[in-house]
Trainee: 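After the structure tokens below, expect a handful of questions from me.
Letters A, B, ... are given to chains in the order of the sequence lines, protein chains preceding strands, and every chain is numbered from 1. This is a predicted model, so every value here is computed, not measured.
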Protein chains: 2
Amino acid sequence: MTTTPASAPAQDDDFLRLDQQICFSLNAAARAFGGLYRVVLKDLGLTYPQYLVMLVLWEHGGLPVKKVGEHLRLDSGTLSPLLKRLETAGLVRRERSARDERSVTVELTDEGAALRERALRVPRRIAAATGFELAEIEDLRSRLDRLTGTLDAAALEETPACE
Amino acid sequence: MTTTPASAPAQDDDFLRLDQQICFSLNAAARAFGGLYRVVLKDLGLTYPQYLVMLVLWEHGGLPVKKVGEHLRLDSGTLSPLLKRLETAGLVRRERSARDERSVTVELTDEGAALRERALRVPRRIAAATGFELAEIEDLRSRLDRLTGTLDAAALEETPACE
DNA sequence: CACAATTAAATTGTGCACAACTGAATGACG
DNA sequence: CGTCATTCAGTTGTGCACAATTTAATTGTG
């Protein structure tokens, strides 16, 4: 069928195909969401990751970079340049914490806080575009979260430094 | 609760939270898969997107860049540099098609074809790490594919140029 | 045949994710 | 008190995704 002779049992080929489809479907769905958010967030001037940061700040107010990263599973390598762009856009302000000079607190500017009003219509448009019932979304979400937890644990076990 | 007073009804806040969780859960799961594949694919010297390209070539043999992109939903802007890296690694060869000089055919080298043997063990390790039954994976996959289709259609409708 | 429209690949530019590293500040412990 | 490990943010480098543009080849149409 392919380049290899009969050395590999059919099961391996089946797995190969299946395995592609799980993670690939996941990636495809994430990228499809990205395309939709790109359109919807365009007039807010935000990318999807920037929107996520704003969601965290709208919900929790000023936070250290570290805490923002914990909410979004992102490290400073991703957040530092992203926050710099949000700062350039006038949506946030970054200040070294007085009590711990290592920490930088991210605060909303007035403009950043005001943007929330315009963002309120976003979720409805996204939810409508999925064509899913709320219950089905909830179900999907819980499966995905369980999957993420299992995968994280598995990646740790597979890492050389674990033994 | 947050920075805004009672001007926004509670529903909007709920949506805001929910909306984050659907796409966010999706992204988180995709990134968790990425972390696992990074570990598992390390000794093959492939990234996950490169692995996907190799899967397509192992299954279909030599293909034009366009066809590879159709299988993976990727355009030449992503594939060109990726294929260049695979070529540098000695796994593929790119040749201008004789019958259509616009098209470039991607072929496996002997080394690229041989790598398939070592890749056969990958899917089992990934599948095991998910901790999901095959049926549950299938179910999840079909939901995600349906979601992707709906989202793609919605993004088209939302695009200004659609009317 | 000529010429406009289309197609394929590559390039450019922006932004994200992540590993690895740097530098500064803090905290723990002898 | 001094030293050493840890923590936090930032930087660097690699690779991916995607929009927009470029270049060349092909196709369609008059």
Trainee: Which is true for B:Leu74 with a 4.0 Å heavy-atom rule: it touches a base, it touches only sugar-phosphate, or it touches nothing?
Mentor: sugar-phosphate
Trainee: Among the candidates C:dA10, C:dC16, D:dT7, find the nucleotide nearest to the side-chain atoms of A:Thr78.
Mentor: C:dC16
Trainee: Strictly below 4.0 Å: does B:Lys84 bring a side-chain N or O up to OP1 or OP2 of C:dT11?
Mentor: yes
Trainee: Considering only side-chain heavy atoms of A:Lys66, which listed nucleotide, D:dT11, D:dC8, D:dA25, is closest?
Mentor: D:dC8
Trainee: Output the rounded distance in Å from CG (A:Leu72) to P (C:dG15).
Mentor: 18 Å
Trainee: Starting from C1' on D:dC18, measure out to CG on A:Leu36 and report it in whole angstrom.
Mentor: 15 Å
Trainee: Closer to the 5' end of DNA chain D via nearest nucleotide, is it A:Ala32 or A:Pro64?
Mentor: A:Pro64
Trainee: Rounded to the nearest Å, what distance is computed from the CG atom of residue A:Leu52 to the P atom of nucleotide C:dC16?
Mentor: 11 Å
Trainee: Round to the nearest Å and state the distance from B:Phe33 atom CZ to C:dC18 atom P.
Mentor: 15 Å
Trainee: In whole angstroms, how far is the C1' atom of D:dA9 from the CZ atom of A:Arg94?
Mentor: 9 Å
Trainee: Distance check needed: D:dC8 P versus A:Leu63 CG, whole Å only.
Mentor: 14 Å
Trainee: Taking the side chain of A:Arg102 as its heavy atoms from C-beta onward, which of D:dC18, C:dA10, D:dC8 lies nearest to it?
Mentor: D:dC8
Trainee: Toward the 5' end of DNA chain C, which comes first, B:Arg96 or A:Asp100, by nearest nucleotide?
Mentor: B:Arg96
Trainee: Let me spell it out: for each of B:Arg31 and B:Ser80, pick the nucleotide of DNA chain C with the closest heavy atom. Which residue's pick is nearer the 5' end?
Mentor: B:Ser80
Trainee: Nearest nucleotide by nearest heavy atom, which residue falls closer to the 5' end of DNA chain D, A:Lys67 or A:Asn27?
Mentor: A:Lys67
Trainee: Is the backbone of A:Arg141 close enough, under 3.5 Å, to the side chain of B:Gln21 for a donor and an acceptor to pair up by distance?
Mentor: no
Trainee: Counting any heavy atom closer than 4.0 Å, what does B:Leu82 reach on the DNA or RNA strands: base, sugar-phosphate only, or nothing?
Mentor: sugar-phosphate
Trainee: Can a side chain N or O of B:Ser103 be found less than 4.0 Å away from OP1 or OP2 on D:dA25?
Mentor: no
Trainee: Can you see if the side chain of A:Arg99 gets near the phosphate of C:dT26 - specifically, an N or O under 4.0 Å from OP1 or OP2?
Mentor: no
Trainee: Tell me, please, whether A:Phe132 has B:Arg143 positioned over its six-membered ring: NZ or CZ under 6.0 Å from the ring centre and within 45 degrees of its axis?
Mentor: no
Trainee: Would you mind classifying the nucleic acid contact of B:Thr47 as base, sugar-phosphate or nothing, using non-hydrogen atoms under 4.0 angstrom?
Mentor: sugar-phosphate
Trainee: What is the distance, rounded to the nearest whole Å, between atom CG of B:Leu83 and atom P of D:dG15?
Mentor: 14 Å
Trainee: Find out whether B:Thr148 and B:Arg73 are in side-chain contact, i.e. whether some heavy atom of one side chain is under 4.5 Å from a heavy atom of the other.
Mentor: yes
Trainee: Determine yes or no for a side-chain-to-main-chain donor-acceptor pair under 3.5 angstrom, with A:Asp75 supplying the side chain and A:Thr78 the backbone.
Mentor: yes
Trainee: Checking the side chain of B:Thr109 only, and the main-chain atoms of B:Leu91 only, is there a donor and an acceptor separated by less than 3.5 Å?
Mentor: yes
Trainee: Under a 3.5 Å cut-off for both contacts, is D:dT21 paired Watson-Crick or G-U wobble with anything, and if yes, with which nucleotide?
Mentor: C:dA10
